[in-house]
Visitor: 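Here it is, the structure in full.
Just so you know, these numbers come straight off a predicted model, no measurement behind them.
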Amino acid sequence: MTDPAAPSTDTVQTKSMDDIMALCKRRGFIFQASEIYGGIQGFWDYGPLGAQLKKNLRDAWWNDVVMLGCNGQNGPDGKPVRIVPVDSCIIQNPKVWEASGHVAGFNDPMVDCRETKSRYRADHLMCIGEKGDKEGQIYAYIENDDASYAAARKKLDKYKKRTLTDDEIDTCPLTDLSVDELKITVGPDAKEVGTLTEPRAFNLMFDTIPGPIRNEDNKAYLRPETAQGIFINFKNVVDTTRVSVPFGIAQTGKAFRNEVTPRNFTFRSREFEQMEIEFFCHPDDARAWYAFWRDWRMQWWQELGLAGDNLIMREHDTDELAHYAKEGAGTADVEYRFPFTAPGYGELEGIAHRTDFDLKQHQQHSKKKMEYFDPSRGEIAKNGQPKGEWYLPHVIEPSAGLDRGVLALICEAYTPDPDRASGVFMKFHPRISPIKAAVFPLVKKDGMPEKADELRRTLVKKFGHLGAIEFDEKQSIGKRYARMDEAGCPFCFTIDGDTLNDGTVTVRDRDTQEQSRIPMEEVPAFLAEKLGL
RNA sequence: GCGGGCGUAGCUCAAUGGUAGAGCGUCAGCCUUCCAAGCUGAAUGUUGACGGUUCGAGUCCGUUCGCCCGCUCCA
């Protein structure tokens, strides 16, 4: 999440997250997991509408990214973009996570301060004390934080009642302190001594033990990202699939992180689904591909309805880059202004230049050659053909959160409207709307239900694989339109007396509430056009 | 993990320590030719859970689970 970039007041989210969550429950988009047993922190289930919405978003991604190769556009090399899919396991050999850096990096020791209630990463804290002084107080400060260091020096001087020179001071990491030494340590923001707890490991990866015999030595992990399943299959794909660099491997699937504080509805869940692409290219081309992916991914989200000021692209500052991206062309986030982040933004998708970090790590740890032989490169031989070149491809990773995408689409779609009966409607883009259309007989008599069922059958046959086709003959027509507004159904087709005479039906538009008449036989073509088919 | 707020029907919320309710929604019937219309009726609760105080607990106390907000964290 980021600070606001001075958003204009008229565009700031004013929707209530409580109201949105109530609608999600009421209409069956999202339920708390294990609700009947009191729930479980950080886990959420999707109801009928939510499951279809999520599938529609996943399908849109799969279709546009994998099947159409970036919607059929050419890459920066002027050629079609080639992407192939894989589907790797949630549980892999634990060495995968040692190589990727997750075993080390995902186990951050933390210390809490009992006085100030602050929490620090233990490996980010340094300590100072007077040289040779085994009894006197030790002062902790935050590494690379000048203000924090100055405060510690000031407190030390005050304690010693004189100004110490740099040479008189010992510096060491907090993690090197003994339990006894910790008791005489003053926290970075504390006044009292000994308020820091012992460092406690935060295991951000879920672990499990495969096999029927419980033996800690067999410990394995639930993947914290789908990306590594792609990297470890890089060789397999290259060897079997007739792909050549540049190309991408895509995968959707669940990932698990033991978030310290699951928060903000489904935004930070412990079980979540990712949509990831690892795009492999020559190191010299990485910059161009990074820019290509960054721009296209932003455009893709916009085309699904996240247009306007609520969606931004943010390039990371160099000091916030992940360990694998330090040397790269950069990292950019597609961020959405959720009601709970406003006026700031929350990440939907990160596009990172991971360099050759992951392939190099797996090459080292597995002792398997990950280099790629590129026959189109290298110096020209006597026969006029390139001699070829061995190299570790660089990787551009567009990594999107599916659940976060769904949440953003829900928040964006949620549109309060005091002038309409439902008081609110869900303005989903027809392409991702979980209900594609509804068919109503205006009244339940005079052959209208039969005629309506005829249309329903036609639409189910043609569009049923994309989303629900609703049929409703209960209660007044106004209630039925209102119900569809809350569910986000973009078009309602109503059969009335005229339909039986001249074969036309009423089309009711969700967003404008306007009605028009079209021949019933043209409804499939009308809907196909609106769904972008 | 800390602090604050909250938890009663599907949703939004009432109920002085004394019989658990309303509105909306849902369902059924009647009616109804275009926007939650009208009439009639129905279903829905271990008041988040466990324990305690009390003649009696939705209400008071303790514990616990979950959600929201702030801090912290987010390789």
Side-chain angles (χ1 to χ4, degrees), chain A residues 1 16-19 21-28 31-44 47 97 100-121 123-124 189 197 200 202-205 224-225 227 257-265 267-270 320-325 339-340 346-347 350 352 357 417 419-425 440-446 448 473-486 492-501 505-510 513-517:
Chain A
M1 280 171 231
S16 154
M17 204 58 212
D18 286 344
D19 292 345
M21 290 172 69
L23 182 135
C24 282
K25 173 76 189 293
R26 190 167 71 241
R27 286 295 166 186
F31 305 128
Q32 192 176 16
S34 314
E35 192 188 60
I36 62 170
Y37 292 105
I40 176 168
Q41 203 182 11
F43 297 87
W44 301 89
W97 308 108
S100 69
H102 287 85
V103 170
F106 246 34
N107 285 286
D108 301 326
M110 311 290 293
V111 294
D112 289 310
C113 177
R114 298 185 190 92
E115 178 192 332
T116 65
K117 310 302 180 194
S118 303
R119 168 174 293 166
Y120 311 93
R121 269 182 63 171
D123 56 338
H124 284 182
D189 304 300
T197 63
R200 285 174 290 200
F202 273 55
N203 296 305
L204 298 186
M205 274 198 295
E225 63 175 24
R257 295 182 193 180
N258 239 331
E259 297 289 354
V260 178
T261 313
R263 275 290 168 87
N264 292 328
F265 204 21
F267 183 80
R268 180 168 294 135
S269 300
R270 288 180 167 150
E320 60 176 320
L321 291 179
H323 58 91
Y324 51 75
F340 49 79
E347 179 185 347
F357 178 88
D417 182 356
D419 291 335
R420 69 173 74 192
S422 55
V424 62
F425 67 107
F440 304 148
L442 184 57
V443 291
K444 197 167 49 174
K445 62 180 185 184
D446 298 342
M448 291 181 210
E473 57 180 15
K474 301 290 177 62
Q475 300 169 315
S476 72
I477 191 73
K479 281 195 178 189
R480 286 179 266 164
Y481 286 150
R483 262 197 288 264
M484 287 300 107
D485 277 350
E486 268 208 338
C492 297
F493 301 99
T494 300
I495 275 68
D496 60 13
D498 289 346
T499 310
L500 306 173
N501 298 324
V505 300
T506 302
V507 184
R508 188 267 192 179
D509 183 284
R510 174 197 63 199
Q513 296 178 276
E514 282 172 1
Q515 299 186 355
S516 56
R517 292 197 75 89

Visitor: Expressed as a whole number of Å, how far does the P atom of B:G21 sit from that of B:U44?
Guide: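 One P to the other, the span is 13 Å.
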Visitor: Spell out yes or no: do the side chain of A:E259 and the base of B:C74 have one donor N/O and one acceptor N/O closer than 3.5 Å?
Guide: no
Visitor: Does A:K25 put a side-chain nitrogen or oxygen below 4.0 Å from OP1 or OP2 of B:G10?
Guide: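 Checking A:K25 against B:G10: no side-chain N or O falls below 4.0 Å of OP1 or OP2.
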Visitor: Heavy atoms from C-beta onward define the side chain here; which of B:A75, B:C34, B:A36 lies closest to that of A:A482?
Guide: B:A36
Visitor: Nearest whole Å is fine: how far is B:U33 P from A:D446 CG?
Guide: 9 Å
Visitor: I want to check one thing: is the phosphate of B:U26, taken as OP1 and OP2, less than 4.0 Å away from some side-chain N or O of A:R483?
Guide: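 Result: yes.
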Visitor: Identify which nucleotide among B:G66, B:C68, B:C34 has an atom closest to any side-chain atom of A:Q32, counting heavy atoms from C-beta outward.
Guide: B:G66
Visitor: Taking atom types as they are modelled, would you say the side chain of A:R263 forms a donor-acceptor pair with the base of B:G70 within the 3.5 Å cutoff?
Guide: yes
Visitor: What is the distance from atom CZ of A:R27 to atom CD of A:E486, rounded to the nearest 0.5 Å?
Guide: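 A:R27 atom CZ to A:E486 atom CD measures 4.5 Å (nearest 0.5 Å).
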Visitor: Rounded to whole angstrom, note down the C1' distance from B:U46 over to B:U8.
Guide: 12 Å
Visitor: Among B:G66, B:A37, B:C34, find the nucleotide with the atom closest to the side chain of A:S476.
Guide: B:A37
Visitor: On a whole-Å scale, what distance lies between the P atoms belonging to B:G51 and B:A37?
Guide: 45 Å
Visitor: In whole Å, I'd like the distance from the CZ atom of A:F493 to the P atom of B:C34.
Guide: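 For the pair A:F493 CZ and B:C34 P, the rounded distance is 20 Å.
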Visitor: When both hydrogen-bonding distances must be under 3.5 Å and the geometry is Watson-Crick or G-U wobble, what is B:U44 paired with, if anything?
Guide: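 Looking at the geometry, B:U44 pairs with no nucleotide.
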Visitor: Is there a Watson-Crick or G-U wobble partner for B:G38 with both distances under 3.5 Å, and which nucleotide is it?
Guide: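 In the structure as shown, B:G38 has B:C30 as its Watson-Crick or wobble partner.
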Visitor: Give A:E473 one of three labels, base, sugar-phosphate or nothing, depending on what nucleic acid heavy atoms sit under 4.0 Å from its own.
Guide: nothing
Visitor: Which one, B:C34, B:A28, B:C67, comes nearest to the side chain of A:I477?
Guide: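 Between B:C34, B:A28, B:C67, the one nearest the side chain of A:I477 would be B:C34.
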Visitor: Please report the interatomic distance CZ(A:F440) to CZ(A:F493), rounded to the nearest 0.5 Å.
Guide: 11.0 Å
Visitor: With a 4.0 Å cut-off on heavy atoms, is A:M17 in touch with a base, just the backbone sugar-phosphate, or nothing at all?
Guide: nothing
Visitor: Would you measure the distance from the C1' atom in B:U54 across to the matching atom in B:G62 and give it in whole Å?
Guide: 16 Å
Visitor: Quick one: look up who B:C71 pairs with, Watson-Crick or G-U, both distances under 3.5 Å, and put none if it's unpaired.
Guide: B:G1
Visitor: What is the distance from CZ of A:R27 to P of B:U12, rounded to the nearest Å?
Guide: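 In whole Å, B:U12 P and A:R27 CZ are 13 Å from each other.
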Visitor: For A:R26 and A:Q41, find the nucleotide of RNA chain B closest to each by heavy atoms; which residue's nucleotide sits nearer the 5' end?
Guide: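 That would be A:R26.
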Visitor: On the side chain of A:R420, is there an atom forming a donor-acceptor pair with the base of B:C35 - under 3.5 Å, no angle test?
Guide: no
Visitor: Per the atom types in the model, does the base of B:C34 pair as donor or acceptor with the side chain of A:D496 at under 3.5 Å?
Guide: yes
Visitor: With respect to the phosphate group of B:C69, does any side-chain polar atom (N or O) of A:N264 fall under 4.0 Å of OP1 or OP2?
Guide: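 Looking at the OP1 and OP2 atoms of B:C69, one of them is under 4.0 Å from a side-chain N or O of A:N264.
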Visitor: Hey, does A:F440 reach any base, or is it just sugar-phosphate, or nothing, if we go heavy atoms under 4.0 Å?
Guide: nothing
Visitor: If I pick the C1' atom on B:C65 and the same atom on B:U53, what distance separates them, to the nearest angstrom?
Guide: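 Comparing C1' positions in B:U53 and B:C65 gives a spacing of 23 Å.
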Visitor: Could you identify the nucleotide paired to B:U54, looking across every strand shown and requiring Watson-Crick or G-U wobble geometry with both distances under 3.5 Å?
Guide: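 Partner of B:U54: none.
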Visitor: Indicate whether OP1 or OP2 belonging to B:A28 is found under 4.0 Å from a side-chain N or O atom of A:K474.
Guide: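 For A:K474, the contact criterion (side-chain N or O under 4.0 Å from OP1 or OP2 of B:A28) is met.
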Visitor: By nearest nucleotide on RNA chain B, pick out whichever of A:A22 and A:G42 is the more 5' one.
Guide: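 Here A:A22 is the residue nearer the 5' end.
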Visitor: Quick one: is A:Q475 getting a side-chain N or O under 4.0 Å of the B:U32 phosphate, OP1 or OP2?
Guide: no
Visitor: Find the distance A:E225:CD to B:C74:P and express it as a whole number of Å.
Guide: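 Atom CD in A:E225 sits about 16 Å away from atom P in B:C74.
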Visitor: Which nucleotide, B:A37, B:U33, B:C11, lies nearest any side-chain atom of A:K479?
Guide: B:A37
Visitor: Does any nucleotide pair with B:C6 by Watson-Crick or G-U wobble geometry, both distances under 3.5 Å, and what is it?
Guide: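 B:C6 is paired, partner B:G66.
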Visitor: Considering only heavy atoms and no angle criterion, is a donor-acceptor pair shorter than 3.5 Å present between the side chain of A:Y481 and the base of B:C34?
Guide: yes
Visitor: To the nearest Å, give me how far apart CG (A:D509) and P (B:C35) are.
Guide: 16 Å
Visitor: Got A:K479 and A:K474 here, is their nearest side-chain heavy-atom distance under 4.5 Å?
Guide: no
Visitor: So, is the end of the A:R510 side chain (NZ or CZ) under 6.0 Å from the ring centre of A:F425 and within 45° of the ring's axis?
Guide: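 No.
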Visitor: Mark yes or no for a side-chain to base donor-acceptor pair under 3.5 Å between A:R508 and B:C35, with no hydrogen or angle criteria applied.
Guide: yes
Visitor: What heavy-atom pair brings A:P224 and A:R257 nearest, and what distance separates the two atoms?
Guide: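 In this case the closest contact between A:P224 and A:R257 is O-NE, 2.9 Å.
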Visitor: Using whole Å, what does the distance between atom P of nucleotide B:A9 and atom CD of A:E35 come to?
Guide: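 Whole-Å distance recorded here is 11 Å.
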Visitor: Atom NE2 of A:H102 to atom P of B:A75: distance rounded to whole Å?
Guide: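 To the nearest whole Å, that distance equals 10 Å.
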Visitor: Do you know the tightest heavy-atom contact between A:D446 and A:L500?
Guide: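 Taking A:D446 first and A:L500 second, the nearest heavy atoms are O-CD1, 3.1 Å.
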Visitor: For the residue pair A:F357 and A:S100, what are the closest heavy atoms and their distance?
Guide: CE2-O, 3.9 Å
Visitor: Would you measure the distance from the P atom in B:G48 across to the matching atom in B:C6 and give it in whole Å?
Guide: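 Approximately 13 Å lies between the P atom of B:G48 and that of B:C6.
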Visitor: Rounded to whole Å, please give me the gap between OH in A:Y37 and P in B:G48.
Guide: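 So the OH-P distance, A:Y37 to B:G48, works out to 18 Å.
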Visitor: Could you give the distance from CZ (A:R483) to CD (A:Q475), rounded to the nearest 0.5 Å?
Guide: 4.5 Å
Visitor: Say we look at B:C55 and B:C69: how far apart would their C1' atoms be, to the nearest angstrom?
Guide: 41 Å
Visitor: I'd like the P distance from B:G1 over to B:U64, given in whole Å.
Guide: 10 Å
Visitor: What is the minimum heavy-atom distance between A:F267 and A:G346, and which atoms define it?
Guide: CZ-CA, 3.9 Å
